[in-house]
Amino acid sequence: MEHHLMWHWPVIGYLFLAGLGAGAIAVSGIVVLWDPAGEFRHRAELVARLGAFIGPLPVIIGTALLIFELGRPYRALNLLTSNFWFMLFNPSPMNWGSWFILLFFIFATVYALTFLPWKALLRGERGERLAARSERWRSPMAVICVPLAIAMAIYTAILLAAVPARPLWHTPVLWLLFTVSAISTGLSAIILVQRFMFRKPGAVRGAVRREDPAFRVTEYYLVSMKVILIIAELVVIGLFIMFAHMTINSSKFAVQTLLPGGEMATAFWVGVILVGLLLPAFIEGFYLLRTAVLGHEFEWPYVINVSAPIAILFGGVMLRYVIVVGGQITGPIGI
Amino acid sequence: MSEGSDSPVSRRKFLKKISQGAAAVATGGVAGGAMHAAAIQSSADTGKQGKVQYGMLIDLRRCIGCQACTVACKAEADVPMGVTRSWVEYAEKGLYPNVGRSFLPRLCNQCSEPHCVRVCPTGATYKRPQDGIVVVDQGVCIGCLYCAQACPYDMRYLNPVTRFADKCDLCIHRVAKGLVPSCVNTCQGRARIFGDVNDPTSEIHKLIARNPVSVIRETYGTQPNVYYIGLDTTDENTKKPGQYVRVTTNKAKSKKRT
Ligand code: SF4
Ligand code: SF4
């Protein structure tokens, strides 16, 4: 029998893309703020730059998806305008979320602009001036963008968790799950783009080998961060299932859709856990450990190198899919 | 707060209330005025009592499962194909030869704490202060269906023609003219009683007071205003050991939410 779904792929895509954009900006901002004048930033400048450029894009695409999913797309502005004072005090997460998106998009765009190579784009004095201004504005913008990005990531979960009638969503663990996944997908997107960019001539065939040792050090840091995030996500998924089981009643019934034998079990165990988490954890963990324990240089074949972040991004989509659909095909038990 | 410290404030409040009451008596003119003033006072205190709150009482002992209300609703509200505002669920329970079939008419509960209203991001759906009916403002709704996710009773749908959220509005156009909702009007067994649940003189108020009534999914705290006599909430997921239960809902082609 088919199911009666009110929210489908556009919402799933939106939750994923908003998380991805927020994660990318959060990583970028944290890198900038880590050490504003020091060594690390110089090395990781590329990461910060890529994160800043990636950030606003998925958010605006996701928002567009959501708007076209609406029964009445041309009325989307009602989210912001229908009654200003009501809105200000309206507890609806979707309403707060639309303000978050607006603010996030504005600030993230300004933040991304501070990374443009102004001197190359505009010759003469104007380029100089803009470059100097960008330098000055970057850190303050990062200070604004990091909390906004984290708020965005949390909001994508609160949107679902605020609904008691959907027991799978109505759990205090969901925001943690979505936030960890947002940061890890954002980071993966950065790493992926970086790897595409550094498939340079001069590298040994079939392997990424950027001659600059700083590049490898940055990669090493990023990938370790990612593996830590994957482990964190696995723990949070464990918590998620455990919490539902401990809550019993409708929550226990709802989470059974994810467990073996449930309708979403394949998507969950294969898509989210196996491909999205365990596979990249093993691949990347192997090369990390090879460096950490055996002292080998941190380098790996290009295919593996690229497939790990792709697997994580896929897992991010599947996680949203499983939660959004699983929440709708389950519900309160009893009439 | 001790009594002494806030006494000036409470005295002022008290005087204000007295004057409000006096004004109400003065404008009311007739004897009902005093009662009206009392109603104002109590509504200020509890925020609920004394307000008009239309609701329904469904006596399941009288329901024969004829679906006349379902059809009447479809016709009255011009509900498009594939969606329903009000319907009757069939529940089959027991093992041969001790079997039974019971009927459960469903409609929006016009909740006193409607979760659908809480989540609406535009303010399109709201509870009307004058009669407690929860409505969707068709000029504002964006069709996001957040309300449909939030309703614990699955009472909302996306109207496939207009593309905004839709639901039972207790036949607001009829009620405004002093008529009863169409489903109540058509009910063959007179199982549905409509009225102001807060009005002590109304039939529904008296029946609620005198009968063991229950509401659906009370634990959600939505405070429904549709009451049932003889409600059995057992479904496939909450049946007792050895029991056979099968519930048929309005969703012929898709699974009921488990
Ligand atoms: S039954 Fe559902 S749609 Fe009706 S008022 Fe209650 S929460 Fe809202
Ligand atoms: S579908 Fe309409 S009434 Fe329902 S929450 Fe969205 S804007 Fe509000």
Side-chain angles (χ1 to χ4, degrees), chain A residues 1-8 11 66-67 69-87 89-99 159-160 162-167 169-170 249-250 252-254 256-257 262-263 324 327-335, chain B residues 89 91 104 106 115-124 126 137-154 156-160 162-166 216-217 219-222 228 231-239 245 247 249 251-258:
Chain A
M1 279 209 216
E2 60 203 270
H3 283 293
H4 177 69
L5 293 184
M6 287 182 276
W7 286 354
H8 221 296
V11 175
L66 200 63
I67 287 175
E69 153 89 347
L70 291 180
R72 291 279 185 164
Y74 62 88
R75 284 188 178 175
L77 270 187
N78 284 5
L79 280 167
L80 303 175
T81 60
S82 64
N83 178 341
F84 185 76
W85 292 110
F86 162 78
M87 314 296 309
F89 301 103
N90 183 8
S92 168
M94 196 183 282
N95 180 11
W96 283 81
S98 28
W99 285 102
L159 180 75
L160 303 182
V163 177
R166 304 283 186 201
W169 299 348
H170 190 57
N249 202 355
S250 304
K252 190 182 145 200
F253 266 84
Q256 255 148 27
T257 184
E263 269 181 87
V324 169
Q328 291 180 84
I329 63 175
T330 56
I333 56 169
I335 288 173
Chain B
E89 293 180 359
L104 182 63
R106 305 282 306 260
H115 203 74
C116 54
V117 171
R118 287 280 164 90
V119 300
C120 177
T122 62
Y126 60 97
D137 184 336
Q138 307 174 359
V140 181
C141 175
I142 58 173
C144 65
L145 287 186
Y146 203 7
C147 51
Q149 302 285 7
C151 171
Y153 308 96
D154 212 4
R156 284 173 171 254
Y157 57 88
L158 186 74
N159 186 313
T162 59
R163 311 285 296 159
F164 51 71
D166 218 340
I216 301 180
R217 289 183 181 158
T219 47
Y220 275 87
T222 44
Y228 293 90
L231 176 67
D232 179 359
T233 58
T234 309
D235 75 356
E236 290 95 333
N237 290 314
T238 55
K239 63 184 182 197
V245 177
V247 179
T249 69
K251 307 248 165 64
K253 287 216 196 76
S254 76
K255 259 189 196 165
K256 181 180 152 53
R257 282 209 244 151
T258 38

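Just so we're on the same page: letters track the sequence lines, and every chain starts at 1. Both backbone and side-chain heavy atoms feed into the values below; hydrogens, waters and symmetry mates do not.
Heavy-atom distances place both the backbone and the side chain of A/W7 under 4.5 Å from chain B. For B/Y220, the part lying near chain A is the side chain, with the backbone staying farther off; criterion is any non-hydrogen pair under 4.5 Å. When heavy atoms are compared at a cutoff of 4.5 Å, B/T233 approaches chain A by way of both its backbone and its side chain. Residue B/L104 touches chain A through its side chain alone, counting heavy-atom pairs closer than 4.5 Å. Neither the backbone nor the side chain of B/T219 comes within less than 4.5 Å of any heavy atom in chain A. Looking at A/L159, both its backbone and its side chain come within 4.5 Å of chain B, counting heavy atoms on both sides. Looking at B/N159, neither its backbone nor its side chain comes within 4.5 Å of chain A, counting heavy atoms on both sides.
A search for side-chain contact (heavy atoms from CB on, under 4.5 Å) contacts involving A/L70 returns A/A76, B/I142, B/C144, not counting sequence neighbours. With sequence neighbours left out, the side-chain contact (heavy atoms from CB on, under 4.5 Å) criterion links A/S98 to A/L79, A/L80, A/N95.
Taking CG from A/N249 and OG1 from B/T238, the interatomic distance works out to 9.5 Å, rounded to the nearest 0.5 Å.
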Would you check, one step at a time, whether the test side-chain contact (heavy atoms from CB on, under 4.5 Å) holds for B/Q149 with A/L160? CA-CA 9 Å; B/Q149 302 285 7; A/L160 303 182; over 6 Å; no
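Between chain B and the options A/A162, A/P73, A/P164, A/S250, the largest number of non-hydrogen pairs under 4.5 Å is found for A/P164. With respect to chain A, the highest number of heavy-atom pairs below 4.5 Å among B/T222, B/V245, B/T162 belongs to B/T162.
Environment of NZ in A/K252: sparse, with no more than 12 heavy atoms of neighbouring residues, nucleotides or ligands closer than 6.0 Å.
Here the closest heavy-atom approach between residue A/S92 and residue B/C120 is recorded as CB-O, 3.5 Å. The two atoms that bring B/C141 and A/R75 nearest to each other are O-NH1, 2.7 Å, heavy atoms only. Listed here is the closest heavy atom pair of A/P332 and B/P152: CG-O, 4.2 Å.
Looking at B/R217, its side chain does come within 3.5 Å of a backbone N or O of A/G334 through a donor-acceptor pair.
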